[in-house]
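Below: the structure, in structure tokens.
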Amino acid sequence: MAAISATDVELVYADGTRAVRGVSLEIPEGEFFGFLGANGAGKTTMIKTLVTLLRPTSGTITVNGYDVTDRPRAVRSSIGYMAQETSIDEELTARENIRFACDAYGVRSADRSERIDTLLDLVDLQAEADSLAKSFSGGMKKRLDVATALVHQPPVVFLDEPTTGLDPEARNRLWDYFRTINDDGTTVFLTTQYLEEADQLCDRISVIRDGTIVADGSPAALKSTVGGDVIDITLTEPTPETIQRARATIDAIEEAELSVEPTESGIAVTASNAHSLGPELITTLAESFEIAGFQTRSPTLDDVFLALTDESNEHGNASSDAPMDLEADQ
Amino acid sequence: MSSPPAGTRNPFVVDCWINLERWLRKTVRNPFVVVSSLLNPIIFLWLFTAVFGSVTGGALTSTLGENVNYITYLVPAIVIQTALIAASSSGIGLVDDIESGMFEKVLVSPMRRSAVFLGKALSEVLRIVVQVSIVLGLGYVLLWADTGGAVGTYVATGWPGVVGIFFISICFAVWFTALSNLMALWTRDQESTIIGANLVQLPLLFVSSAFLPLAVLPGWIQTVARFNPVTYGVDAVRALMLGQDLLTVISINWFGGVWNTLVPALGVLIGLDLVLGGIAVWSLNRATSADVE
């Protein structure tokens, strides 16, 4: 049985905004699922609907086998949820925050102390356990928030953009915790705007745009949607005219499967074999242009969107059976 | 999967206690808030009695028919002011929770919503009992100093009267608690909620029977005071302090003695509690239900 199952979910706000437009999801137990989208794409609305904070306008959702509309309390007691904004009581200590969560989720008092200690260890807050949360850094608060979402060892955990705004070190620590709980069998539903994050953590990713799922598959499949890594080339004189000529030059290279997009400082070339292709491209370009620099990087969400929405891109539909009705939203 | 593998639900009383405990912990942890919110009432009690104590004798004697010390007369007003301030902080706590995300965190937990709010309300009741005790004690000390130790009767109706004063304070606080929570839900902003609560506080107190008998106040104040809940709260507490019927805005003589004040005053307050409390509960329910706003 699926841990999370959603069928044709629509959510329309009172002002008429159609935040979620017919989303269906089937997430098996134990999966690390990524819900990828830009700001305003509908990620948070969807996650709030899944955790019973919003009622779907139409469609059905079950979490752990319970219908979110008919049995909201059963859903609530069987899930952990971490909101996008850090949600802790700053006037309480770390231990008290976790204790309150333990009580709220009915953790037996015999198990409580041990559970609190285990969680404090998990999120590395044992040393600060009895300090007021208001004295914590942003990363520490976030870690405490994670701990409070796990007190009842929920089989499904929802994480809404858990690392947005954190420094790389804090982010990496959180990733480790998420991997740990997923390795222990917990189903994880994570929303993120970073492809890298989804790539690092998730077994499967759905990309949401304007309330609709536009792509669905493993991180590798999604990356192939983009068509590989990206080479950013900076031109010394990035005028519209030189950029146009540089694009034409690249396009003239027959052998490689690649696509070229203009950027502010030059061009971006996407190719499946970007790393081996790089030197050749640069050599060819250097014959007619002054190149200030170049860099090969992994595709970003922007690149995914470009690939998904760019009609001329031959890799556009590579990944899946996902609906591609993007024209209507443009 | 037939049952959730984790997470249980508590009995109603336990949910209540969990939330009561959290709010008490926060209150005790911030003694500054408890003390500073008493500062205004204490300054009022001390300065008003010092400034007006010597000139109010005539007004009190002419309306009450006996020589009443202004301290004894003023303490009921300060008791109600204390309840008013405590009630206004309820909404501030709610906004605090909304802003910190704790509100949503509690909503997504399996705790019953009614228990969540009842627990918070009970912590406010406890706070009012403590603060009113402090005000009553302080009034006694001031009176003791003023009379050179010959206090005589402080609360005319005795210990049952003191219990009654707590009860009236709580009845009085409910409607303003409801109002302050409504303000919190409307504005969802801490500053607006604080400013809003402060804004209505002083006019409510002054345009009532709080500081002087209505009979010696201008006609328009007498008219407005009739519709001001503070008048009913202060007169009810004062009736217990002085042991006489002194509610002038509603004249009823069916019950005898202080009951002629207590019954109609509490009737008005409890009626108001039910109406505003009902609206607040309805609004909170709406704000916390999963229906899209």
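We name chains A, B, ... by the order of the sequence lines, and we start the count at 1 in each one. Atom set for the values below is all heavy atoms of this structure, side chains included, hydrogens, waters and symmetry mates excluded.
The main-chain N or O of Asp103(A) is found under 3.5 Å from a side-chain atom of Asn10(B) such that the two form a donor-acceptor pair.
Lys48(A) NZ: 12 or fewer foreign heavy atoms inside a 6.0 Å radius. The number of heavy-atom neighbours closer than 6.0 Å to CD of Glu99(B), taken from other residues, nucleotides and ligands shown, is above 12. Residue Trp46(B) qualifies as open at atom CH2: its count of foreign heavy atoms under 6.0 Å is 12 or below. Under a cut-off of 6.0 angstrom, the local environment of CZ in Phe167(B) is sparse, with at most 12 non-hydrogen atoms contributed by other residues, nucleotides or ligands.
Of all the listed residues (Met82(A), Glu90(A), Glu96(A)), the one sharing the greatest number of non-hydrogen pairs under 4.5 Å with chain B is Glu96(A).
Of all heavy-atom pairs spanning Val108(B) and Val51(A), the tightest one is CG2-O, 3.4 Å. For the residue pair Tyr105(A) and Ser109(B), the shortest heavy atom distance occurs at OH-CA, 3.5 Å. When every heavy atom of Asp89(A) is checked against every heavy atom of Met102(B), the shortest pair comes out as N-SD, 3.5 Å.
When the options Arg22(B), Lys105(B), Arg25(B) are evaluated for a side-chain contact (heavy atoms from CB on, under 4.5 Å) with Phe100(A), the one that passes is Arg22(B).
How far OG of Ser100(B) is from NZ of Lys141(A): 10.5 Å, rounded to the nearest 0.5 Å.
Heavy-atom distances place the side chain of Val106(B), and not its backbone, under 4.5 Å from chain A. If you measure heavy-atom distances from Glu91(A) to chain B, the contacts under 4.5 Å come from both the backbone and the side chain. Neither the backbone nor the side chain of Thr49(A) comes within less than 4.5 Å of any heavy atom of chain B.
Put simply, the side chain of Met111(B) does not reach to within 4.5 Å of the side chain of Arg76(A), judged on heavy atoms.
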Step-by-step side chain to side chain contact (heavy atoms under 4.5 Å, CB included) determination, Arg29(B) to Leu92(A): CA-CA 9 Å; Arg29(B) 187 145 294 160; Leu92(A) 300 181; 3.9 Å; yes

